[in-house]
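Written out below as structure tokens is the structure these notes cover.
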Amino acid sequence: MFKPVALIRPSMVILAASALGLSACERKEAPPPVPAVVPPVSAPPAVAIAHDPTLDRAELLQALDAAASAYAAGTPGGADTSLAGRRFVVRQAFGCAGAVPAEAEGLTEEGLASAARGADGRTLRLTLSPGDWTGSPLIAGGAETWEAAEGFWLTRPWMRSESCPGAASDPLASETGAPSPQTMGLAAVFEADGSRLGRRNGRAYSFVVRGENDQPAAVPPGGYRLVLEGRMAAFSDGRAIRCRAASPDQRPVCIGAVRLDRVAFEDAQGAVLSEWRAA
């Protein structure tokens, strides 16, 4: 008798072959690892050092005004301690109403610049006599090392501009009235053992303006500019500004302590007429 022979289906052959092929693939060696790419080391970015900007007239008046408000409120605080060491360049106009008569030249308040007609009637004399503020209550006890202080007023502190006033006198006012008292200024302080080159010791800054083509000198439109340049100093409490007032109903007088480096007279366009440097 014949024994039955088992038939092998084609699908079974294909499945077996696939299994053998898969086993062969699994036995292949894995490819070598790809080396990691190390990015180049770059230099650290440069660190920018922030410098406090130079104070101008508007910013300095704003700081003085804030100090006056804090003093009047009884909370002077230490907000202006950050001003110590800051550089400043202050420009303010003078001679805006023209030249004063020669005989009135000596009547200008100390610490204010003026333009006066020369005795010959043909020249102009620009002058500034710093005030002697060494014995002022605003300076007293300021710092143990200070030997002297010379004062300069910041005129028209309600106006931040460096130019002459643009407003005309009120035609409805019964009288023009006297200028307002000075309430804001800068005190150039000098150390007992410091250089004496910058001290005026009562001597005025002075410059003579002569006319052109044999014509008498005249104050130009826009007047002149007084330039004060230096660095803010500090009183013994670390603050750069000090205020005082005789009563709560009076506007405080505030001054900033400074190391003065340069004083100059300029015309309204910024051309330097004369300058004085501390060193």
Side-chain angles (χ1 to χ4, degrees), residues 50-93 109-113 128 130-162 179-192 194 198-200 226-263 278:
H51 295 281
D52 290 329
T54 300
L55 297 167
D56 60 13
R57 171 184 166 87
E59 292 166 325
L60 193 51
L61 286 174
Q62 183 178 3
L64 288 163
D65 193 55
S69 177
Y71 174 86
T75 56
D80 69 343
T81 55
S82 62
L83 293 177
R86 292 275 301 274
R87 289 205 60 80
F88 68 89
V89 178
V90 173
R91 285 179 171 83
Q92 61 183 19
E109 184 179 354
E110 289 185 342
L112 294 176
L128 168 63
D132 183 4
W133 291 0
T134 305
S136 168
L138 280 164
I139 298 296
E144 295 180 358
T145 58
W146 293 353
E147 183 179 55
E150 296 179 349
F152 305 83
W153 291 114
L154 300 180
T155 57
R156 307 180 192 92
W158 53 85
M159 192 175 80
R160 301 294 192 252
S161 171
E162 299 174 349
S180 297
Q182 304 300 328
T183 57
M184 293 184 180
L186 300 177
V189 296
F190 300 93
E191 305 284 350
R199 294 196 196 186
R200 300 305 294 176
L226 168 65
V227 183
L228 302 174
E229 182 176 347
R231 191 176 296 275
M232 301 299 295
F235 290 91
S236 55
D237 58 3
R239 289 181 290 166
I241 299 174
R242 177 180 281 186
C243 301
R244 291 182 69 94
S247 76
D249 295 323
Q250 291 184 347
R251 181 181 178 87
V253 177
C254 298
I255 61 172
V258 302
R259 311 284 185 188
L260 197 59
D261 296 332
R262 177 176 177 262
V263 176

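Counting begins at 1 with the first residue of the sequence. Below, all heavy atoms of this structure are taken into account, side chains as well, without hydrogens, waters or symmetry copies. Given the structure is predicted, the values throughout are model-derived calculations rather than measurements.
Checked by atom type and distance alone, the side chain of Arg57 never pairs as donor or acceptor with a backbone atom of Val90 at under 3.5 Å. Side-chain atoms of Arg239 never come within 3.5 Å of backbone atoms of Ser236 as a donor-acceptor pair (strictly under, hydrogens ignored).
The CG atom of Leu128 sits 7.5 Å away from atom CG of Leu228, with the distance rounded to the nearest 0.5 Å. Taking CG from Leu154 and CD1 from Ile255, the interatomic distance works out to 10.5 Å, rounded to the nearest 0.5 Å. In this structure, Met184 CE and Trp158 CH2 are separated by 10.5 Å, a value rounded to the nearest 0.5 Å.
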List the steps, then state whether side-chain contact (heavy atoms from CB on, under 4.5 Å) holds for Val253 with Arg244.
CA-CA 5 Å; Val253 177; Arg244 291 182 69 94; 5.7 Å; no
Begin from the C-alpha positions of Val263 and Leu226 and carry the test side-chain contact (heavy atoms from CB on, under 4.5 Å) through to its verdict.
CA-CA 7 Å; Val263 176; Leu226 168 65; 4.0 Å; yes
Kindly indicate, with the supporting measurements, whether the criterion side-chain contact (heavy atoms from CB on, under 4.5 Å) is fulfilled by Leu260 and Phe88.
CA-CA 10 Å; Leu260 197 59; Phe88 68 89; 4.2 Å; yes
Show your working on side-chain contact (heavy atoms from CB on, under 4.5 Å) between Met159 and Gln92 and close with a plain yes or no.
CA-CA 10 Å; Met159 192 175 80; Gln92 61 183 19; over 6 Å; no
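Looking only at side-chain heavy atoms (C-beta outward), Glu191 and Trp146 come within less than 4.5 Å of each other. Asp65 is listed as a side-chain neighbour of Arg160, based on a closest heavy-atom distance under 4.5 Å. Within the 4.5 Å cutoff, the side chain of Leu55 has heavy atoms near those of the Leu83 side chain.
For Glu229, the salt bridge (Lys or Arg N to Asp or Glu O under 4.0 Å) partners at least two apart in sequence or on another chain are Arg87, Arg262. Evaluation of the side-chain contact (heavy atoms from CB on, under 4.5 Å) rule for Ala72 yields Pro252 as partners, not counting sequence neighbours.
The existence of a salt bridge linking Arg200 and Asp132 is excluded, since no basic side-chain nitrogen approaches an acidic carboxylate oxygen closer than 4.0 Å. Checked for salt-bridge contact, Glu59 and Arg86 miss the test: no charged N lies under 4.0 Å from a carboxylate O.
The two residues Ala67 and Ile241 come nearest to each other via the heavy atoms CB-CG2, 3.6 Å. The two atoms that bring Gly230 and Asp261 nearest to each other are CA-OD2, 3.6 Å, heavy atoms only. When all heavy atoms of Ala84 and Gly238 are compared, the closest pair comes out as CB-O, 4.3 Å. Nearest heavy-atom pair, Ala245 versus Gln250, reported as atom, atom and distance to 0.1 Å: CB-O, 4.0 Å. Considering every non-hydrogen atom in both Glu150 and Pro130, the closest pair reads CB-CB, 3.9 Å. In plain terms, the two heavy atoms of Arg259 and Ala233 that are nearest each other are NE-CB, 3.9 Å.
Considering Leu186, Ile139, Val189, Leu138 as possible partners of Trp133, the one that fulfils the side chain to side chain contact (heavy atoms under 4.5 Å, CB included) test is Ile139.
For Gln62, the CD atom is loosely surrounded, since the number of other residues' heavy atoms within 6.0 Å does not exceed 12.
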